[in-house]
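Written out below as structure tokens is the structure these notes cover.
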Protein chains: 2
Amino acid sequence: MMADVQRLETGNGPRAAILNAAMQLFGKQGYTGTSIRDLATEVGVLPGSLYAHIQSKEALLVEIVADGIHRFITAVEPHAHGAGSPVDRLRAMIVAHVEVVAENPERSLVVFHQWRFLGESSLPAAIERRQVYEGCFIKVMEEGVGQGLFKPEINQRIAVFTILGALNWTPEWLSPDGRLSAQEVGSLMAETLLRGVLA
Amino acid sequence: MMADVQRLETGNGPRAAILNAAMQLFGKQGYTGTSIRDLATEVGVLPGSLYAHIQSKEALLVEIVADGIHRFITAVEPHAHGAGSPVDRLRAMIVAHVEVVAENPERSLVVFHQWRFLGESSLPAAIERRQVYEGCFIKVMEEGVGQGLFKPEINQRIAVFTILGALNWTPEWLSPDGRLSAQEVGSLMAETLLRGVLA
DNA sequence: ATGCTTTTAACAAACGTTTGTTTCTTGGCA
DNA sequence: TGCCAAGAAACAAACGTTTGTTAAAAGCAT
């Protein structure tokens, strides 16, 4: 087993350290509940020193959220447009989602809960990306129903929200160091969630 | 001096108006993202005037969260200890949960997301109540497996977290004025979630 | 000495809260 | 009915602190 798994921001240097600390604090205390002084203390630097590396507190949030959504989309979207059956694709999407969460639960908490605090200039883009992500699940769900693989009488909107809700809540309890691997947890969740919609 | 905890009453008095506005704002902007001035503006009063009715900003959160958890437990716990089969009981619990959410989604958002910001004096009690609530679902799940009604090979912990995750996410999208009633949405979700665990 | 980075110090604004006073409403008593 | 004391509620202003951020000076490598 690798001794030093780098599941933090790629690249080193003070900027990555700041982004990492911000992810941790924003996830734990929320964006508005975290002060620049909190962040400086965590990094081990005086407050003003941060501004040699960041443009603003909000720029940190923008970067964390944008990068976070990107990771989810990158991991899940290929499966949505894959070649297999909607059932297999949905299963792969669920597993992929859980794996991204396990990679860094705090970052996922920021992505799912703190995006509201983005400024007016960056909020629309984030919302659009989120809709792209949800659209992946809606698309596969529709195809599954269309091919008669999923129960025809299910409410697709509610089925998707049920699945996404279960997935979005995972950073709240999933432990990357738990007994089960992310892949195993994802498979178990996929099993449960898929049986709920199968024809 | 000990301040008597007053129960959250719907409707009358300026105090209820403040609690209502606080629920709305805490749910939308978060506890730390909502200022006393925000709250005063929403109520239509100057900031200082609020303190004729409340003890502190945090006391508002304490009351909203405590009352909120109480509503969920009151609505769901009877079904957990009911007489029917675990299947029927779990279904009833899911429907009841969704109905409480629909009753006031903003309050549910506060209960699920803002409890972290409770002070050290009130946080343990809130966590304990939450565990009581989750315990209801764990109990029924265990009984279902024990009676051979639920799949024996499911991971109970993960199955419960999957169900609770889907439920806890509902305030994020559920609209009380939507086409479907809360009872209908709850039934659809129960249908989907139950089929995931049935033997 | 040239570039980064950090320190130091300070800024204006917003924070939760308290205070003294005014305004509005209400009920008892002549 | 008229008068007035009492209560409730809001106002206006300020408190000490914390907020995000900035500018100037100092440290330290190359």
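Sequence lines set the chain letters: A, B, ... in the order given, protein chains first and strands last, and positions in each chain run from 1. None of the values given here were measured: they were computed from a predicted structure.
Residues passing the side-chain contact (heavy atoms from CB on, under 4.5 Å) test with E77(B) are I73(B), H81(B), V132(B), C136(B), sequence neighbours excluded. Looking at residues two or more places apart in sequence or on another chain, you find no ring-ring contact (aromatic ring centres under 6.0 Å, His included) involving H79(A). Taking L180(B) as the reference, N155(A), I158(A), E184(B), V185(B), L188(B) meet the side-chain contact (heavy atoms from CB on, under 4.5 Å) condition, with sequence neighbours excluded. With sequence neighbours excluded, the residues forming a side-chain contact (heavy atoms from CB on, under 4.5 Å) with S85(A) are V87(A), D88(A), L149(A), listed by chain and number. Every residue meeting the side-chain contact (heavy atoms from CB on, under 4.5 Å) condition with V62(B), not counting sequence neighbours, appears here in chain and number order: E58(B), L118(B), S122(B). Residues satisfying the salt bridge (charged side-chain N to carboxylate O under 4.0 Å, His left out) test with R116(A), not counting sequence neighbours, are E172(B).
At the phosphate of dA9(D), neither OP1 nor OP2 sits under 4.0 Å from any side-chain N or O atom of S49(B).
Against DNA chain D, the stretch residues 117-125 of chain A makes no heavy-atom approach under 4.0 Å.
Within the structure, ring pair (Phe, Tyr, Trp, His ring centres under 6.0 Å) contacts touching residues 120-140 of chain B (residues at least two apart or in different chains) are F72(B)-Y133(B), H97(B)-Y133(B), Y133(B)-F137(B). Sorted by first and then second residue, the salt bridge (charged side-chain N to carboxylate O under 4.0 Å, His left out) pairs involving residues 117-141 of chain A (not counting sequence neighbours) are K139(A)-E143(A).
Comparing the helix axis at one end of the helix from dA1(C)-dT30(D) to dA30(C)-dT1(D) with that at the other, each defined from 5 consecutive pairs, gives an inter-axis angle of 0° (nearest 10°).
One can place NE2 of H53(B) at 8 Å from C1' of dA10(D), the figure rounded to the nearest angstrom.
Side chain of D38(A) to backbone of S35(A): a donor-acceptor contact under 3.5 angstrom is found.
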For nucleotides 20-26 of chain C, tabulate all protein N/O to nucleotide N/O atom pairs closer than 3.5 Å, reporting atom names and distance.
none

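When the shell of 6.0 Å around CD of E153(A) is examined, it contains more than 12 heavy atoms from other residues, nucleotides or ligands.
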Sequence-aligned protein contact record of nucleotides 13-20 of chain D, with B where the base is within under 4.0 Å of a protein heavy atom and S where only the sugar-phosphate is: ------BB
